[in-house]
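The block underneath contains the structure these notes are about, expressed in structure tokens.
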Amino acid sequence: MIPDKAPGEDVLHAPEDLKKEAHIPSFEKYKELYIKSVESPEEFWGDIAKDFFWKTKYTGKFLDYNFDVTKGEIFVKCMEGATTNICYNVLDRNVHERKLGDKVVFYWEGNEPGDEKTVTYRELLQQVCKFANVLKSQGVKKGDHVSIYMPMVVELVVAMLACARIGAVHSIVFAGFSAESLCERIMDSQCCLLITADGFYRGDKLISLKLIADEALQKCRDKSFSVEKCIVLKHLTKEDEATIPGSLSPPAKRACPDLQQEKQKERIKKVRPSPQVPWNPEVDMCWHSLIGGASEECEPVWCESEDPLFILYTSGSTGKPKGVLHTVSGYMLYTAATFKLVFDYHPDDVYWCTADIGWITGHSYITYGPLANGATSVLFEGLPTYPDVSRMWEIVDKYHVSKFYTAPTAIRLLMKYGSEPVLKCKRDSLKILGTVGEPINPEAWQWYYSVVGEKRCPVVDTFWQTETGGHVLTPLPAATPMKPGSATFPFFGVVPAILNESGEELEGPSEGYLVFKQPWPGVMRTVYGNHLRFETTYFKKFPGYYITGDGCRRDKDGYYWITGRIDDMLNVSGHLLSTAEVESALVEHEAVAEAAVVGRPHPVKGESLYCFVTLNDGISYDQKLEAELKKQVREKIGAIATPDYIQSAPGLPKTRSGKIMRRVLRKIACNERDLGDVSTLADSSVIDELFENRCGNQR
Ligand code: PRX
């Protein structure tokens, strides 16, 4: 339960001037609205829904659900019977009803400083309508699935909203994933068309995206799944480059990105190679040629509340990614409300979320949430350390960013360089700072709060998941006294509980499994194509509850503290990875008989990947093999999963029934000699050998 009064001691408060204008100005107001949201969800969300356009009103219950597997199939339905269109609500409504057509929706800031572009709501609506017509001309219709594999460019938002406009379901794959991962996701989500780009730069590194996309499509064909249409945005190359049948464009000098304004073109000093862009005219179509002739008129397709909006893959503990499916109305209300209240959004704000749209944070808090509120955002293509470590703060000053949202891993990375790169920028526009993706250690929290925010900006530590659609545990900046490292209290409509191993709810200060007792509008509806997996993963262990997979502690003041994953998942730089997925990539190498992967604490990334591999007879471990194994994982999953450490392990600690004891391996990876209870270990002689040959000595 939420305490009546927020604690007065050992907490940090928002400045008074922030409270004056805040949507939720006090803890008492939070508590009053929280009770309303839980006891009368229909009334609470009904007020929020009034801001949106509904072609038809809902007819049934506001929220209908079953969270108990013992009582039948798990389902959540929000506003059944209503019809709407999320693209209409985030664009047309803003342009026509709210008269925000000339308001900037995105300040796009490219990888290279000076590479920039400004887009208004009206311009975005025009581009989206045109591209929606392009999709229709390619035969895409309501209910079809479209895969999007693009860098952080405005056209990525255009592509996703164009899908939403015509009722097609987008499945965005982060542009850092490998061909194998893209292929797996395209096939699992049954996509009929792929939208990609020629390539992009991450800092100095050229990523030839189209080459990877082609490899993925070939892998699909090899598995008898054919995607016959691929739309390619020429982000780095010129429109007419490399459209010769079967040709591979020679590395050329880099042209300026599409729609680049002349004066900015000149400012790009560096001349760099362009990506190679293989072109198959049977499949490939140029974005620019298609959109050039398309009409700006495109009537939205009215969708049912529970029609699917998108599929987004997240790691699963079996190793096979899960296609998390979100639906139209509930997701729209939830992302809009969380954005407005958690960032205390006001119309003159400039908001910047540094996540990639390929992850849920980008879906909810770069595209849908901010646009539903008519916000102006920075859309950043580059890296926090390129060309130097002041880049983030320079961008904050350049666009007068007032609300800034990033990941603990980025904070820790920048912290390493000290305060000077931060202090040389003014940052006086900043009002609220946010974090997401993993537990933030109090030291990083304090640095963010004191150095970046000069102790005048509340930090909102937002806990949520791909599955939850939006923030579920989070401070509200003017209302919730902060405790560094705690995600504090539930958002409206969210009812958390802490369970022990037997599934009993713990009261008061306690630690255990974090679960939720009832749905909120933005919760996922199913795992695409595998409803049973949805039920098994999230609802089976504790009937009646949604299980997050995270451990959690509640302190004496009722504050929630996430303690990290309690399943076989790792959180590397804020990205979830399943140990099974990395293990299966490793054992696919002919030298490897068995693999076990565990997390080892890392000062910047949160966790690093520590892999134990048992090699096949007669094979010895050397640097060449290590490099091959790292490459293998990169190619199977993507660079984010590259192992940090690989240890050759002639034997692994196993129970008598043959189960690998990861708990013991975690201790070995961290060089912790106190192994706890090892009575179930089949052969304890492997332990000494593993300690002796562990990688590195420091923790
Ligand atoms: O372990 C939690 C961690 O990230 C997981 C969700 O990962 P993903 O679905 O990729 O979504 C990340 C962005 C929403 C959670 O189960 N996590 C996320 N935010 C926090 C967090 N752990 C602690 N504190 C947070 N604020």
Side-chain angles (χ1 to χ4, degrees), residues 172-174 176-177 310-317 321-326 331 334-335 338-339 342 353-366 368-369 405-412 433-442 444-445 448 459-475 480 482-491 494 496 513-516 522-524 527 537-538 546-553 559-579 581 599 605-607 637-638 640-641:
I172 303 182
V173 179
F174 170 57
F177 274 121
F310 66 83
I311 299 168
L312 181 60
Y313 285 84
T314 187
S315 294
S317 52
K322 300 176 289 234
V324 170
L325 187 130
H326 285 283
Y331 179 82
Y334 201 69
T335 52
T338 45
F339 176 78
V342 173
C353 166
T354 68
D356 193 290
I357 293 179
W359 306 106
I360 190 68
T361 308
H363 281 58
S364 301
Y365 299 114
I366 294 182
Y368 291 109
Y405 193 29
T406 196
T409 184
I411 299 167
R412 290 192 296 261
L433 302 172
T435 78
V436 58
E438 55 183 307
I440 180 163
N441 46 314
W445 195 101
Y448 195 34
V459 173
V460 286
D461 174 358
T462 62
F463 167 83
W464 59 295
Q465 308 176 302
T466 306
E467 294 88 335
T468 68
H471 310 138
V472 280
L473 296 181
T474 177
T480 318
M482 297 164 282
K483 292 196 184 191
S486 166
T488 73
F489 295 105
F491 188 74
V494 174
Y513 292 86
L514 176 67
V515 298
F516 296 114
V523 69
M524 73 184 285
V527 169
T537 310
Y538 304 102
Y546 165 92
I547 178 161
T548 59
D550 283 290
C552 186
R553 179 169 70 81
Y559 279 62
Y560 290 86
W561 300 74
I562 304 297
T563 54
R565 299 293 306 186
I566 40 181
D567 50 12
D568 289 334
M569 301 283 225
L570 297 179
N571 196 323
V572 178
S573 301
H575 303 310
L576 275 193
L577 287 171
S578 91
T579 51
E581 201 176 357
K605 298 200 282 188
E607 281 187 290
I637 306 173
I640 47 164

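Just so you know, these numbers use all the heavy atoms, side chains as well, and skip hydrogens, waters and symmetry mates. First listed ligand is number 1; within each ligand, the first listed atom is number 1.
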Between Y546 and F516, what is the ring plane arrangement, given parallel below 30°, perpendicular above 60°, and tilted in between? parallel

Which one holds for T466 and ligand 1: side chain close, backbone close, both close, or neither close, with close meaning a heavy atom under 4.0 Å? both

Identify, for atom 6 (C) of ligand 1, the protein heavy atom at the shortest distance, and state residue, atom and that distance. W464 O, 3.6 Å

Under a 4.5 Å cut-off applied to non-hydrogen side-chain atoms, are L473 and W561 in contact? no

Which residue supplies the protein heavy atom nearest to atom 1 (O) of ligand 1, what is that atom called, and how far is it? D550 OD1, 2.6 Å

Just to be sure I read this right, does ligand 1 sit under 4.0 Å from the backbone of T462, its side chain, both, or neither, counting only heavy atoms? backbone

Contact between G437 and ligand 1, counting heavy atoms under 4.0 Å? yes

Can you check whether V436 reaches Y365 side chain to side chain, under 4.5 Å on heavy atoms? no

In terms of ring plane angle, is the pair Y331 and Y368 parallel, tilted or perpendicular, where the classes change at 30° and 60°? perpendicular

Starting from atom 13 (C) of ligand 1, what is the nearest protein heavy atom, named by residue and atom, and what distance separates them? T361 OG1, 3.4 Å

For the residue pair H471 and W464, categorise the inter-ring angle as parallel (less than 30°), tilted (30 to 60°) or perpendicular (more than 60°). perpendicular

For atom 20 (C) of ligand 1, the closest protein heavy atom turns out to be E438 N, 3.5 Å

With a 3.5 Å distance limit and no angle check, can you tell me whether H363 reaches the backbone of G358 through a side-chain donor-acceptor pair? no

With D550, which residues qualify under salt bridge (charged side-chain N to carboxylate O under 4.0 Å, His left out), at least two apart? R565

Close side-chain approach of I440 and I411, heavy atoms under 4.5 Å: yes

Heteroatom distance test (R565, ligand 1): nitrogen or oxygen, under 3.5 angstrom: yes

List every atom of ligand 1 that sits less than 4.0 Å from any heavy atom of P439, numbering the atoms from 1 in the order shown and giving each element. 22 (N), 23 (C), 24 (N)

A student checking ligand 1 against N571 at a 4.0 Å heavy-atom cut-off should list atoms 3 (C), 4 (O)

Heavy atom under 4.0 Å from ligand 1: found in Q465's side chain, backbone, both, or neither? both

How are the rings of Y334 and F491 set to each other: parallel, tilted or perpendicular (split at 30° and 60°)? perpendicular

Going by the 4.0 angstrom heavy-atom rule, the piece of A487 near ligand 1 is neither

Polar contacts were defined as any N/O atom of the residue lying under 3.5 Å from an N/O atom of the ligand; does this apply to G574 and ligand 1? no

Report, in ascending order of atom number, the atoms of ligand 1 lying under 4.0 Å from any heavy atom of V436. 13 (C), 14 (C)

Contact partition for H575 relative to ligand 1, non-hydrogen atoms under 4.0 Å: neither

Just distances here: any N/O of T548 and N/O of ligand 1 closer than 3.5 Å? no

Taking the side chain as C-beta and beyond, is there a heavy-atom pair between R412 and N441 under 4.5 Å? yes

